[in-house]
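Predicted, not measured: the structure shown is a model, and the values here were computed from it. Chain letters run A, B, ... following the sequence lines, proteins first, then strands; residues in each count from 1.
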2 protein chains.
Amino acid sequence: MFGVMNRFLSNATNRIDAKGRVSVPALFRAVLAQRGVQELYCLQDLVFPAISVGGPDLLERYERQIATADPFSPEANRMSLLVHGGGVFMRLDAEGRLMVTDFIRDFTGIGTDVTFVGRSDHFQLWQPQAFHEAQAAAREGRLSMSRPQ
Amino acid sequence: MFGVMNRFLSNATNRIDAKGRVSVPALFRAVLAQRGVQELYCLQDLVFPAISVGGPDLLERYERQIATADPFSPEANRMSLLVHGGGVFMRLDAEGRLMVTDFIRDFTGIGTDVTFVGRSDHFQLWQPQAFHEAQAAAREGRLSMSRPQ
DNA sequence: ATGCTTCCCATTGACGCCCATATGGTCCCA
DNA sequence: TGGGACCATATGGGCGTCAATGGGAAGCAT
């Protein structure tokens, strides 16, 4: 019964309005609601120019990684800088929209539209063009981020 | 309910005014208030050109770390010098601002703006450009490592 | 007194909360 | 099977509130 609806799947592109808001696709909101997620945790992807969005569990997964290191080591310090300092909490408004901040725009190159991409246990925000190119590259088995010429 | 919002997360940049004051982001002030922290303890980060800010528990955590090391080791000596010799107490004014002292400016290179960086149990003050560069460097360093489970 | 700090109040710009409209799809029923 | 009512989603915008900032004036110390 819940085999499909409890994961973030497929993708959709929505427009950012004059106030910088964009609607999260209803399917993704349904998954969030089913998981009881109200506070969204956003983090820069480690490989692609995309922002990962998920519930508190997404943050906790990264924190477990940090916890395996000596808390005063440079490694733990660097990871915390990324995970805690680079992460952002967000809430959706009553209509299920989120604000596209400069933090998101700068890292993704997003301008007027956002592509929401399901990643099973979280979803991502992409600049539409960048997403299509990354998908095409992945289809051809090219894993590098370098642009085709 | 607020299981995650009670930690210092994300980052924000605010401007220093003509009197040398800067507003601590409201989210961070909320965390301080929730923890009942009124006196802030500030010390230099062990790795980065940043000032760490937290409640008395921050000092205690560093002291425990020093206690675990051989008291005559160079590392314990260095930490004690930084923690005990370089620490400073601060208070926020009624509007939630703090004074950016020369102690902070000299160590961080902060000029006109301050980037506040969440570190889970404390937060840090960075020169904005230095923060972006350190984050980019940390992300590069993570590329070769495995993703967290 | 002079410089610096602390307290207080004013401004403004951003964000959250609310309601309105459009658009596309689905379901029902004739 | 086609038309139309109905509904959910995406989108637009008004408006109040609050955070960030600026600046005056009163205390404090040197």
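When rounded to the nearest whole Å, the span between CG of Asp93(A) and P of dA14(C) equals 18 Å. Remark: C1' of dG24(D) and CD of Glu95(B) are 13 Å apart, rounded to the nearest angstrom. Look at CZ on Phe28(B): it is 15 Å from C1' on dA19(D), rounded to the nearest Å. Residue Asp17(B) contributes atom CG, which lies 18 Å from atom P of dA10(C) at whole-angstrom precision. Distance Ile16(B) CD1 to dA20(D) C1': 14 Å, rounded to the nearest Å. Whole-Å rounding puts the Leu92(B) CG to dA19(D) P distance at 14 Å. At whole-Å resolution of the value, CE in Met90(A) and C1' in dA14(C) are 14 Å apart. Taking atom CE on Met99(A) and atom P on dA14(C), their separation rounds to 10 Å, with Å as the unit.
Looking at heavy atoms from C-beta onward, Phe116(B) lies out of side-chain contact with Val53(B) at the 4.5 angstrom threshold. Contact of the Leu9(A) side chain with the Val31(A) side chain is not registered, since no non-hydrogen atoms from C-beta on lie closer than 4.5 Å.
Applying the 3.5 Å distance criterion, the base of dT21(D) shares no donor-acceptor pair with the side chain of Lys19(B). With hydrogens and angles ignored, no donor-acceptor pair under 3.5 angstrom links the side chain of Arg15(A) to the base of dG12(D). Side chain Arg97(B) to base dG22(D): a donor-acceptor pair is found below 3.5 Å.
Under a cut-off of 6.0 angstrom, the local environment of CZ in Arg35(B) is crowded, with over 12 non-hydrogen atoms contributed by other residues, nucleotides or ligands.
Across all strands shown, Arg29(A) has heavy atoms under 4.0 Å from sugar-phosphate atoms exclusively, and none from any base. Backbone-only engagement by Asn14(B) is indicated by non-hydrogen atom pairs under 4.0 Å involving sugar-phosphate atoms exclusively. The residue Ala26(A) sits close only to the backbone: its heavy atoms come under 4.0 Å of sugar-phosphate atoms, none of a base.
A search for salt bridge (Lys or Arg N to Asp or Glu O under 4.0 Å) contacts involving Asp17(B) returns Arg21(B), Arg97(B), not counting sequence neighbours. Residues satisfying the ring-ring contact (aromatic ring centres under 6.0 Å, His included) test with Phe131(A), not counting sequence neighbours, are Trp126(A).
Of the candidate nucleotides dA20(D), dC8(C), dC15(D), dA20(D) has the atom lying nearest to any side-chain atom of Pro25(B).
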